[in-house]
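What follows is a set of notes on a single structure, which appears directly below.
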Protein chains: 2
Amino acid sequence: MHTRRRYHHGDLRAALLTRAEETLREKGPAALSLRELARDLGVSHAAPSRHFKDKQALLDALALVGFGRLAEAMAAAQRGTGESFAERLRAGARAYVDFATADAELLDLMYSIKHTPEASEELSAAAQRWTEEMMSLIVDAQRRGEVREGSPERVGIEVFSTLHGYATLAASDSLPPDVCTQDLDELVAYILRGCAPEKSA
Amino acid sequence: MHTRRRYHHGDLRAALLTRAEETLREKGPAALSLRELARDLGVSHAAPSRHFKDKQALLDALALVGFGRLAEAMAAAQRGTGESFAERLRAGARAYVDFATADAELLDLMYSIKHTPEASEELSAAAQRWTEEMMSLIVDAQRRGEVREGSPERVGIEVFSTLHGYATLAASDSLPPDVCTQDLDELVAYILRGCAPEKSA
DNA sequence: ACCTGAACACCGTTCAAGT
DNA sequence: ACCTGAACACCGTTCAAGT
């Protein structure tokens, strides 16, 4: 019975991240401590430092996981829908809001990371990739004549601001409960009006 | 020279809040410690507990200050502008984004406070009052026929989501730098399109 | 009423030493 | 390569005691 565990249980790094995400969701960001994580996993309190030089490094890695999961959810949502901008936007909005309410603390972490130059390059890249997907959705819609012309970056930011604002407000329980997730369709309609092509076609 | 200071410098509670806001802005939320605050103010590390039972209590009070300052800024912005919804929205948007970029960490704090039932009643009330002002702006605009009809709460949330999303993204440097604050007018135009009255008048 | 000083249990980080 | 154990400087919180 020597395969039971080599030194600990195989992949401390991954275990730390999974456990960190759990406690983040269950007990909030304030309760996240390296020492408790180590305790939960049955290793010494100094062990995590082999895998994350810093507590911040762990948080960065956690945010990275978040962006990965989010990108995945968005991609999946896009696969199961039609080609029109309205449909793709609706699917994306649903996926984003679902992610935000299911993983509110993680989303918070993803955006509380100051995107300063010295922040993890991987992380910036992930955030970058994420916004680029947003942009390509807009560019496509412009090509199809379903979104007004002009800088896709500007339009993308407007759309994304609405989505992001709604999702974070929903995630922090700052929305009147009766308005919550049901009428996402209304939000989508509002966004569509905001970026609809000019009438004089 | 006995008036120099009574016991310390008069109003520790206020001093703690002011200093806390400073360090929040200058060194971020992670650097905010009761003990350092006490050190900065030249009192013992146990002194703050007379005024805030908890670190969380201080954070709540800080968030409350934030809502106060924000409401003030918004009111001031409204006073210096015209009566049309477009003008009032533009002024409000400018004030909100300015607040968010000037006091990013504070805004973060204000919305990271879970608005749970047991959260400070004062705080919930402040947040409430703040959204109500938003709503009255919408109701007014509806009366003037400048905003589409329907639940003012729903429209308000749409408008506020866009503003809040934009402001927080700007505050966390998640916006392409070239898009930043200049074209707030474009954002306002987008919002106006989103909540404009139906064409069939 | 307001503050101090000591005490307690907890952190993050580092570093020699073990396997 | 990966982890331990002890050490250090820092926390938040509490509580008797001082003025």
Side-chain angles (χ1 to χ4, degrees), chain A residues 1-24 26-63 105 109 112-114 118-120, chain B residues 1-24 26-63 105 109 112-114 118-120:
Chain A
M1 204 183 250
H2 82 293
T3 70
R4 182 61 181 272
R5 38 183 71 189
R6 292 214 308 279
Y7 213 132
H8 55 287
H9 47 66
D11 191 351
L12 183 54
R13 202 194 122 93
L16 283 166
L17 282 176
T18 332
R19 186 79 187 104
E21 198 184 343
E22 280 174 28
T23 55
L24 188 65
E26 287 164 15
K27 303 200 271 177
L32 205 64
S33 108
L34 289 179
R35 280 179 110 109
E36 187 171 6
L37 244 39
R39 245 179 279 130
D40 289 351
L41 272 65
V43 296
S44 89
H45 65 257
S49 75
R50 281 295 123 187
H51 303 276
F52 303 102
K53 81 173 224 292
D54 240 6
K55 187 180 185 182
Q56 188 58 49
L58 186 150
L59 295 181
D60 285 6
L62 214 50
E105 297 82 3
L109 188 69
S112 70
I113 304 278
K114 277 274 176 240
E118 76 262 22
S120 151
Chain B
M1 205 185 249
H2 82 295
T3 70
R4 183 59 181 271
R5 40 183 71 190
R6 292 213 309 279
Y7 214 131
H8 57 285
H9 47 66
D11 191 352
L12 183 55
R13 203 194 121 94
L16 282 166
L17 283 175
T18 334
R19 186 78 188 105
E21 197 184 344
E22 281 174 28
T23 55
L24 189 64
E26 287 164 13
K27 304 199 271 177
L32 205 63
S33 108
L34 289 179
R35 281 178 111 108
E36 187 173 6
L37 243 38
R39 245 179 278 130
D40 289 351
L41 271 66
V43 296
S44 90
H45 64 259
S49 74
R50 282 294 123 185
H51 303 276
F52 303 102
K53 80 173 226 290
D54 241 4
K55 187 179 186 182
Q56 187 58 48
L58 187 150
L59 295 181
D60 285 6
L62 213 51
E105 297 83 3
L109 189 69
S112 71
I113 306 278
K114 276 273 177 237
E118 75 263 21
S120 153

Distance, rounded to the nearest Å, where [X] contributes [atom1] and [N] contributes [atom2]:
X	N	atom1	atom2	answer
Leu12(A)	dT4(D)	CG	C1'	13 Å
Leu34(A)	dT13(C)	CG	P	6 Å
Leu16(A)	dG12(C)	CG	C1'	14 Å
His51(A)	dT4(D)	NE2	C1'	13 Å
Leu58(A)	dC11(C)	CG	P	15 Å
Lys55(B)	dC11(C)	NZ	P	14 Å

With sequence neighbours left out, write down each residue that passes side-chain contact (heavy atoms from CB on, under 4.5 Å) with Ala57(B), or none if nothing qualifies.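 Here the qualifying residues are Phe52(B), Lys53(B), Asp54(B).
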
By side-chain contact (heavy atoms from CB on, under 4.5 Å), which residues pair with Leu59(A), not counting sequence neighbours?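 Applying side-chain contact (heavy atoms from CB on, under 4.5 Å) to Leu59(A) gives Leu32(A), Gln56(A), Leu109(A).
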
Every protein N/O lying under 3.5 Å from an N/O of nucleotides 8-10 of chain D:
none

Taking only N/O atoms, report every protein-nucleotides 14-17 of chain D pair under 3.5 Å with atom names and distance.
none

Give every donor-acceptor pair under 3.5 Å between a side-chain atom in residues 36-43 of chain B and any protein atom, sequence neighbours left out.
from	atom 1	to	atom 2	distance (Å)
Glu36(B)	OE2	Lys27(B)	NZ	3.2
Asp40(B)	OD2	Arg19(B)	NE	3.1
Asp40(B)	OD2	Arg19(B)	NH2	3.2

I'd like to know whether Leu17(B) forms a side-chain contact (heavy atoms from CB on, under 4.5 Å) with Glu21(B), so could you lay out the CA-CA distance, the side-chain angles of the two residues, the decisive distance to 0.1 Å, and finally the verdict. CA-CA 6 Å; Leu17(B) 283 175; Glu21(B) 197 184 344; over 6 Å; no

Dot-bracket for DNA chain C, 5' to 3', with Watson-Crick and G-U pairs under 3.5 Å, [ ] for crossing pairs and | for other-strand pairs: what is it? ||.|||||...|||||.||

Nearest non-hydrogen partners of Leu58(A) and Ala20(A), listed with the distance: CD2-CB, 3.9 Å

Please report the interatomic distance CZ(Arg50(A)) to OG(Ser44(A)), rounded to the nearest 0.5 Å.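 Spacing of CZ (Arg50(A)) from OG (Ser44(A)) equals 10.0 Å.
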
